[in-house]
Amino acid sequence: MTTIEFPQDLKWGAATAAYQIEGAANKDGRAPSIWDTFSHTPGNVKNGDNGDEACDSYHRYKEDVQYLKELGVDVYRFSISWPRVMPGATGDLNPEGVGYYRNLIQELVDNGIEPIITLYHWDLPQSLQENGGWENRNTVDAFQEYASAMFREFGDVVKKWITINEPWCASFLSNYIGMHAPGKQDLQAAIDVSHHLLLAHGKSVQAFRDIVPDGEIGYAPNVDWLEPYSPAQEDKDACEREMQWKVQWFMDPVFKGEYPQLLQDIFAKHNGYLKVEEGDMDIISQPIDFMGINYYSGHVARYKEGNGMFDIEPIWVDYDKTDIGWPVYADGFYKVLTHLQELYGDIPIYITENGACYNHEVKDGIVNDQERIDYLKQHLTALHRAIKSGVPIKGYILWSLLDNFEWAEGYSKRFGIIHVNYRTFERTKKESFYWYKQTVHNNWFEI
Ligand SMILES: N=NNCCOCCOc1ccc(-c2cn(C[C@@H]3NC[C@@H](O)[C@H]3O)nn2)cc1
């Protein structure tokens, strides 16, 4: 058998997010988020699902922490629900909301697990959306107030923080493509949101340096890999354009202090313009301690004139696909990680999300999700290749600990290594749970 063995100091973890697992949407003073509004609007989420109850982790977090302890992971990445801890979006904290996270953090620490907090995992307080949400530059200051309050509340114990999860999803998927909350289809809005999210990131990093001087902070962009269909320059250029949409648009500002001109020119052709104020880029390019990378899939693509904003078409014909329809493309994981190192140097990287959707159900108490184990073997091998190539990977955080509310797909798509019965909230460890537990324990696996 062939063994893939990881560096001894690699951190292993699992991830979730507030709106996807907590439930208790109207409990203990929590105010609505844009995802409460979006999911309760008919037609937005498959089967009319919403996060009102989700996995009921608000009440079952102790059980969930015991699963993390059994896995033997070093870290647990979760997000704070802004409207749960600060129902007015700014101003007074909600003691019950803060208390929930204090209890969760204490439970993790008592069980030897390091918490990693994501401040923004898409659940913007609805009250801010009434005033334009992230399109409104004032939301940046509201976020800094929220973030600073969380740093003050938990910074004595929590030393690793992530500002913004998947800014591409929170801006372009949500305001240009329209698939996620608030569901707009407006390029200018998406550009404004992307800039304000990065500005919020930078301002919260500045605050963090004063409040948690011994802490580490980063953000978590999502990336995929586009492989040119042929060596033809038009195919290469098409892939470069779309790759820059997810990578350079969100990383050049942080690591180079500027937005890519290629994309600014493309956006301008579609009447979308960046509006940057004096000093913004200095704020955004505040030094950070690590970059989170979320990777799920990639694909071959080729030039197709007039197809979308980037004159590109995906070619998915010859890949196995997960149950959400995404190609299994582990080579893209290796390629995008080495590509990031070429672009940005040796910024430490945590894989803050990687995992697969397979919708197996429980049969005789067992969930035989061998496909997820195979996906993890392929992607952890790709990760090992990147590590061996010199990419400074600090940790691997699997998405997700639990089956949960998969946004516009609702509960129809299962990413967990633990199956959740959404009627009874009963958890069932899948075969992939036991495989991941063994891998974390050994720090190696056999292929
Ligand atoms: N690329 N251009 N496509 C143009 C057309 O896109 C249509 C659909 O696009 C996307 C792109 C990306 C996603 C996505 C979902 N997750 C999984 C969550 N990650 C954070 C965590 O909460 C997980 O639940 N990560 N990414 C969904 C849809």
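Whatever order the structure lists them in is the order used to number ligands and atoms, beginning at 1. As a basis for the values below, the full set of heavy atoms in this structure was taken, side chains included, without hydrogen atoms, waters or symmetry mates.
With Y334 as the aromatic partner, R385 meets the cation-pi criteria of under 6.0 angstrom to the ring centre and within 45 degrees of the ring axis.
Checked against side chain to side chain contact (heavy atoms under 4.5 Å, CB included), D235 has the following partners two or more places apart in sequence or in another chain: P228, Y229, S230, A232, R302, Y303. In terms of the ring-ring contact (aromatic ring centres under 6.0 Å, His included) criterion, H270 has no residue partners (sequence neighbours excluded). Under the side chain to side chain donor-acceptor pair (under 3.5 Å) criterion, N307 pairs with no residue at all, not counting sequence neighbours.
Every protein residue with a heavy atom nearer than 4.0 Å to ligand 1 is included here: Q20, H121, W122, N165, E166, W168, L173, I177, M179, E242, W245, K246, Y296, W326, E353, W399, E406, W407.
Residues Y436 and Y434 place their aromatic rings such that the two centres sit no closer than 6.0 Å.
The 12-atom threshold is exceeded at NZ of K321, counting heavy atoms of other residues, nucleotides or ligands nearer than 6.0 Å.
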